[in-house]
2 protein chains.
Amino acid sequence: MLTNKMTNLIKKIPIDGVTLGIGDVSRATGVAQSKLRYWESKGYIQSRTVTDNSNRKFTYKTMLQVQLIKSYLADGYTLTSAVKQARQRDVYLDALRSFFEDRFINLEVTDHTAMVDLGQFDPDPTKHLVAKREATGWHFQLVDAEN
Amino acid sequence: MLTNKMTNLIKKIPIDGVTLGIGDVSRATGVAQSKLRYWESKGYIQSRTVTDNSNRKFTYKTMLQVQLIKSYLADGYTLTSAVKQARQRDVYLDALRSFFEDRFINLEVTDHTAMVDLGQFDPDPTKHLVAKREATGWHFQLVDAEN
DNA sequence: CGTGTAAGGAATTCTGACACG
DNA sequence: CGTGTAAGGAATTCTGACACG
């Protein structure tokens, strides 16, 4: 019950409501503010304006795009093609998010262990797939579904 | 190879380098700026100062803490105990992050499907655990490990 | 095309004080 | 204790112009 509060929280905040100022995006990605403004003026990235006449705000997703564009530029791509490549990767973010929302049923942490319940294990629907953290890292196991 | 770029990216940015201004945290969480300043003055939450004499910056993690404190307050807890509860949940974030870093080996997306490789399936180490997105949602399956 | 900079104004955030309960 | 507000100053971001290649 309490753990649901946590997973709901994590599911809720990250992509949607969070906006970042241009300084924060620049700092996090290492891309100069003037670049960000130029890229936006060309339609390569987008920003919201929260209220009238206020400063630019970028979404978390846009920040990831910026980081991607930057890394393609570093690979030697032109800006235009770096943008194209980055756009194709949007689907990755969406996929990852969808997986998270769909499958992170529960999360439990005690002093020495952590456990992620990933829900029904399709090859054997009577079981739940559970990931447990042990000293050697995360390991999967199957447990009897209790509901 | 390209997909690794993506997962590395997602693993790299989210928690570490990102800082948010007080306005962004306030907007995302719905907690007034004056509250955030007061909570900080009491040591309930923390902020960095990026350079000398600059404005407050909060980390993503702190923003989640704020959201948690808010929700405990809404449940009727006093501020002090809401903070205590929220602190105990830090371990959840760390656990989640650790799982993600440890187990999201690869992510592939094509036109109609998406696939997350979660690595070795411990009950049968000759197999890899793979999550696939289909029309009905995400489903797990086991595939032969190829390396 | 793609980026940087100096300039002056606008929007945001700062602190310390005060108010209320 | 916990929160909000008005006040004046400081830090941040804005646009449009200009420079360079």
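To find a chain, count down the sequence lines: A is the first, B the second, and so on, and within it residues start at 1.
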Ionic contact status for A/Arg27 with A/Asp24, cut-off 4.0 Å: yes
Ring centroid separation A/Phe121 to B/Phe121 under 6.0 Å: yes
Distance in angstrom units between A/Asn55 CG and C/dT12 C1', rounded: 7 Å
G-U wobble or Watson-Crick pairing nucleotide for C/dA10 (cut-off 3.5 Å, both distances): D/dT12
Residue-phosphate contact under 4.0 Å: A/Thr80 side-chain N/O, C/dG2 OP1/OP2: yes
Sugar-phosphate only, base, or nothing, as touched by A/Ser34 at under 4.0 Å among non-hydrogen atoms: base
Closest-nucleotide ordering on DNA chain D, the 5'-leading residue of A/Ser54 and B/Leu79: B/Leu79
Within residues 35-43 of chain A, residues whose heavy atoms come under 4.0 Å of DNA chain C: A/Lys35, A/Tyr38, A/Trp39, A/Lys42
Cation over ring face, B/Arg97 and B/Phe100, 6.0 Å, 45°: no
B/Asp122 bridged to B/Arg103 by N-O distance under 4.0 Å: yes
Close aromatic pair by centroid cut-off 6.0 Å: A/Phe140 and B/Phe140: no
A/Asp94 with A/Lys61: basic N within carboxylate O range, under 4.0 Å: yes
Distance in angstrom units between A/Arg48 CZ and D/dC14 P, rounded: 16 Å
Whole-Å gap separating C1' (C/dT12) and CD (B/Gln33): 8 Å
Counter-base of C/dG2, judged by Watson-Crick or G-U geometry with both distances under 3.5 Å: D/dC20
Value in whole Å for how far the P atom of D/dT3 lies from CG of B/Leu73: 7 Å
Candidates B/Arg37, B/Gln46, B/Arg48, B/Gln33 - the one meeting side chain to side chain contact (heavy atoms under 4.5 Å, CB included) with B/Arg56: B/Arg37
Distance in angstrom units between A/Asp24 CG and D/dT13 P, rounded: 7 Å
d(CZ, A/Arg56; C1', D/dC14) in whole Å: 7 Å
Gap between atoms CD1 and P, on A/Ile22 and C/dT12 respectively (whole Å): 14 Å
